[in-house]
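Just so it is clear, the model here is predicted, and its values are computed rather than measured. Atoms within a ligand are numbered from 1 in the order they appear, just like the ligands themselves.
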Amino acid sequence: MTDAPLKLFNSLTRSLEVFEPVHAGEARVYTCGPTVYNYPHIGNMRAYVFADVLGRTLRWKGYALTHVINITDVGHLTDDADAGEDKMEKMAAEKAQSIWDIAEHYKEAYWADVRALNIRQPAQWTVATDYVPQMIEFAKGIAGKHCYELDSGLYFDVSTVADYGRLARAQTEEGEGRIEAVEGKRNAADFAIWRKTPPGETRQMEWDSPWGRGAPGWHLECSVMSGEVLGFPFDIHTGGIDHREIHHPNEIAQNQAHCCTNGLDDPRNSGARIWMHNNFLVERSGKMSKSSGEFLRLQLLIDRGYHPLAYRLMCLQAHYRSELEFSWEGLGAALTRLKRMVMGVERLQQRLEAEPAGQADMSLYQIDEAISDDLNTARVLVIAESIAGEKKYAGDRLNAIAECDKLLGLNLFGLTRADLRIRPKSATITEAEIDTALARRKEARAAKDFAASDAIRDELAAQGVEVMDGDPLGWEWKLS
Ligand code: AMP
Ligand code: ZN
């Protein structure tokens, strides 16, 4: 285990805390996963890049990691607070497809993004519909003391647990943001843990329960899956910052009801010792909301010719608790930075062949200090870049960069410069054709036939290929 104490920001206490595992030598982490009614947008993927860095850090620091990410395929309503329709049912109706097909399609699309962003596979992907019997058992266990039944379902009474809403720092009286209040609720913040299918309606996904045929509430799912797989209390629960307001306070209330009902001065009573939240990726024109129809997908970045790991690097340049603004210029700059880092590794590898075996111990101290400071990936990036320029053996420097990349996950040793060339999907010319044209141009220039050389350059430009003489990154051409 590396030495620096790992400090993480706990949203529940709003302070940095030194990580102390519940089980010695282990780290158990639960991440709220996607609702698979649509493609993820790149903002959603920021949440999983963050969770991945957390997981990599825990492993790097020597903990045996068990990471669980769930797939929500039932129960998430169009409004987080019990109003509106089930997102899955709504999309299935719109597309006239079965919910199961919708879930399968978007789950695969999400996993494709996970792979493209080099997000490590968690120990387990828990799928909500696989846990419905356990959800019913959990609800039965807390129903008597903490819930009441209305025509529309079984509701959790938030006044039955201590410190409700502490995570959100919200006032429960106002019920702010809780539109379309359900009639009969005792407190505005009360929420459904079981939603009955209204009489005369059939849902594609419904199950029998002591409270009638229906479907589980979204908050119940995460309490049950995290508790089942990781055991209460586990170490860290993560999600996007929007979950700090409703979803996670409700999970915490259910966990308290299930475990102890005691207050949150002892964070273990919340089900997880530490609650961590990534801030949002924002975009000026507002194309970051899945419900808005048009939104930015990772595939669009790839189609425009950007390697997906440039987006990963863009995320790592910002602290996970800061808002990050997306722009194409920013993405381009991140791609160039990644290119320079990959070229740095390539150069060191060439030197390696000529040098004696390294002896100096590469100190991990700086890297450890940076990542242990609430996952300061921006600093780890700078360290990786400065290592490349140090006056040490290439072998030692490569080892140190490899350590950084265990945390960053940028595949610095697998990528090549060619992988990072901007290559939009719309481009029709092949690399072989470009190479042939450039070889002809070289000959023309050698023969001082500048008219021919310029003509070839223009021909290439007409096909979207920009010839880049004297580019500092050593590119001969780029597609635009
Ligand atoms: P959903 O599929 O809507 O449940 O969201 C999946 C994850 O993405 C959750 O952890 C959200 O909190 C997170 N999230 C949603 N929008 C953004 C955004 N713009 N930037 C970062 N994370 C987000
Ligand atoms: Zn969740």
Suppose we call two aromatic rings close when their centres sit under 6.0 Å apart. Are W218 and F191 close by that rule?
no

Please find out if less than 6.0 Å separates the ring center of H105 from that of Y39.
yes

Ligand 1 atoms in contact with T35 (distance to a heavy atom under 4.0 Å)
2 (O), 4 (O)

Near N279 (heavy-atom distance under 4.0 Å), the atoms of ligand 1 are 21 (C)

Could you work out, for atom 23 (C) of ligand 1, the closest of A51, G240, G43, A47 by heavy-atom distance?
G43

Below 4.0 angstrom, N of the basic side chain to O of the carboxylate: do [X] and [Y] qualify?
| X | Y | value |
| --- | --- | --- |
| D373 | R379 | yes |
| K196 | E149 | yes |
| D101 | K95 | no |
| E20 | R273 | no |

The Zn ion (ligand 2) - number of protein N/O/S atoms closer than 2.8 Å
3

Heavy-atom distances under 4.0 Å decide this one: backbone, side chain, both or neither, for [X] against ligand 1?
| X | answer |
| --- | --- |
| N278 | side chain |
| N44 | both |
| Y48 | side chain |

For H258, which residues count as a ring pair (Phe, Tyr, Trp, His ring centres under 6.0 Å) partner, sequence neighbours excluded?
F138, F232

Is H41 in contact with ligand 1, taking contact as a heavy-atom separation below 4.0 Å?
yes

If we only consider heavy atoms of V282, is any one of them less than 4.0 Å away from an atom in ligand 1?
no

NZ of K107: more than 12 outside heavy atoms within 6.0 angstrom?
yes

Atom pair CG (L58) and NE2 (H67), whose distance is rounded to the nearest 0.5 Å:
9.0 Å

